[in-house]
Amino acid sequence: MSEATRRLKWGVLGAARINRRFLPGLKAAYNAELVGIASRSAEKARQAADQWGAPVAYDSYEAMLADPQIEAVYIPLPNSLHIEWATKAAWAGKHVLAEKPLALQPEEIAPLEAVARQNNVNVMEAFMYRFHPQQARVRELLAADAIGQPRVIRGTFAFVMATDTPNIRSKPELGGGATWDVGCYPVNLSRWMFGKEPVSAYAQATLKNGVDFSVAAVLDFGEGCRAVLDYGLDYGRRSFYEIIGTKGTLSVENMWQEPGPPATIYLRDDKGLTTEELPPMNHFRLEAEAFSQAVLDGHPAPYPLSDSAANSRVCVAILESIREGKVVTV
Ligand SMILES: NC(=O)c1ccc[n+]([C@@H]2O[C@H](COP(=O)([O-])OP(=O)(O)OC[C@H]3O[C@@H](n4cnc5c(N)ncnc54)[C@H](OP(=O)(O)O)[C@@H]3O)[C@@H](O)[C@H]2O)c1
């Protein structure tokens, strides 16, 4: 079989809830094949493998990494475990797509990058929304000067997390909290769309059980450019960004939700409102396909680890600002 039509063989580390969103995308990808699911519990692994039609159930993460037929792993573990298992997987010669946030400290990225290089594998953080064509279209409109110079980016991501059952999001020791769970998305988006890094961060938060549950943050990108972000685990569902430029505004909804509704882009300028509707698209499938194709073609991952380090640095600055109650240099 030629590399062009070959399917990359994937395994999943953990019978996580997010699998119900990622795995339909992976299974629909033209160039990927789900081989197995690993869990700390043999029973959970078997159930998950049956549910998702994976031929192999592994009763430990180590067992999956030791299986030579697995070429790439998806890591949907608690946030605090991403770096550890991404590094172990890279040492085992597996390509790695790790859920966001890849690192809770930016300094953790360089050692992982060195291991990936040494073992000739791709490692990427799974910000799926970057693969949805609506973001590519927004970037096209920015490049075409549709709204002039971007000055303010407003981004929000929120939902009400059920608190009657245990959740990794409310555990500080597992990298819980709204900044790592939902805030990292609008942080990523604002850095991407401005095309530069913020110089400082200021944030206020509501804290519960030692983690940030809802946050309002301002990132100063210099030269009059700011991101104004709100995100939380304790208020109504929100998924929205707006880029306000010197001549107009672009707004987009639902970009970090489940695949589903058509994607609408709203452009408001002096001439009025123009809307563009893109067809429904599964960004998890597009992410799995782009990652798999890069591996199959021997190309670097679509987004570099330097981006993950930079995103982590900004999230750490937001959390420091919440703790210290002052503006923090990024
Ligand atoms: N891209 C997105 O849209 C999106 C959406 C939601 C979540 N996520 C990310 O996906 C990851 C998983 O989130 P989730 O909501 O799916 O979490 P979850 O249901 O709690 O799954 C995490 C899995 O990690 C494994 N695990 C290993 N050590 C653990 C420990 N000490 N405590 C708890 N679980 C442990 C468990 O699998 P086994 O018991 O099978 O070993 C568990 O099922 C997070 O990094 C989150 O940020 C991304």
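Ligands are counted one by one from 1 in listed order, and the atoms in each one are counted from 1 as well.
When Tyr185, Phe22, Trp85, Tyr58 are checked for heavy-atom proximity to atom 1 (N) of ligand 1, Tyr185 turns out nearest. Between Ala16, Pro78, Gly14, Ser39, it is Pro78 that holds the heavy atom closest to atom 24 (O) of ligand 1. One option in Lys100, Gln47, Arg17, Arg169 has a heavy atom closer to atom 15 (O) of ligand 1 than any other, and that option is Arg169.
Using a 4.0 Å cut-off between charged nitrogen and carboxylate oxygen, Lys9 and Glu71 do not count as a salt-bridge pair. Salt-bridge annotation for Glu140 and Arg137: present, with a side-chain N of the basic residue lying under 4.0 Å from a carboxylate O of the acidic one. Salt-bridge formation is detected for the pair Lys196/Glu223: a Lys NZ or Arg NE/NH1/NH2 atom is positioned less than 4.0 Å from an Asp or Glu carboxylate oxygen. Between Arg130 and Asp307 there is a salt bridge, since at least one side-chain N of the basic residue sits less than 4.0 Å from a carboxylate O of the acidic one.
For atom 39 (O) of ligand 1, the nearest protein heavy atom (residue, atom name, distance) is Lys44 NZ, 2.5 Å. Scanning the protein for heavy atoms near atom 28 (N) of ligand 1, the closest one is Arg40 NH1, 3.3 Å. Atom 27 (C) of ligand 1 has its closest protein heavy atom at Tyr61 OH, 3.2 Å. For atom 22 (C) of ligand 1, the closest non-hydrogen atom on the protein side is Pro76 O, 3.5 Å. For atom 16 (O) of ligand 1, the closest non-hydrogen atom on the protein side is Ile18 N, 2.8 Å.
Taking the six-membered ring where the residue is Trp, Phe194 and Phe221 present tilted rings, their angle falling between 30° and 60°.
Annotation for His82 and Lys100: closest pair CE1-O, 3.5 Å, computed over non-hydrogen atoms. Taking every heavy atom of both residues into account, Pro76 and Glu99 meet most closely at CA-CG, 4.0 Å.
Looking at Ile168 next to ligand 1, no N or O pair under 3.5 Å apart turns up. Ligand 1 has a nitrogen or oxygen under 3.5 angstrom from a nitrogen or oxygen of His82. The shortest N/O to N/O separation between Met128 and ligand 1 does not fall below 3.5 Å. Remark: ligand 1 and Glu99 share an N or O pair separated by less than 3.5 Å (distance only, no angle test).
Within ligand 1, counting atoms from 1 as listed, the ones closer than 4.0 Å to a heavy atom of Leu81 are 27 (C), 28 (N). Within ligand 1, counting atoms from 1 as listed, the ones closer than 4.0 Å to a heavy atom of Asp181 are 47 (O). Interface atoms of ligand 1 facing Ala15, defined by a heavy-atom separation under 4.0 Å, are 37 (O), 38 (P), 40 (O), 43 (O). Less than 4.0 angstrom separates some heavy atom of Asn79 from each of these atoms of ligand 1: 44 (C), 45 (O), 46 (C), 47 (O).
With a heavy-atom cut-off of 4.0 Å, Asn19 does not touch ligand 1 at all. Only the side chain of Phe284 comes within 4.0 Å of ligand 1, judged by heavy-atom distances. Of all the heavy atoms of Leu174, the ones lying under 4.0 Å from any atom of ligand 1 belong exclusively to the side chain.
Environment of CD in Glu43: sparse, with no more than 12 heavy atoms of neighbouring residues, nucleotides or ligands closer than 6.0 Å.
Side-chain atoms of Glu287 and Tyr129 include no donor-acceptor pair closer than 3.5 Å. Using modelled atom types and a 3.5 Å distance limit, the side chains of Gln293 and Tyr30 yield a donor-acceptor pair.
Taking the centre and axis of the six-membered ring of Trp85, the NZ or CZ atom of Lys88 falls inside the cone set by 45° and 6.0 Å.
Note: the hydrophobic cluster containing Phe157 also contains Met128 (ILVMFWY, side chain heavy atoms under 4.5 Å, direct or indirect links).
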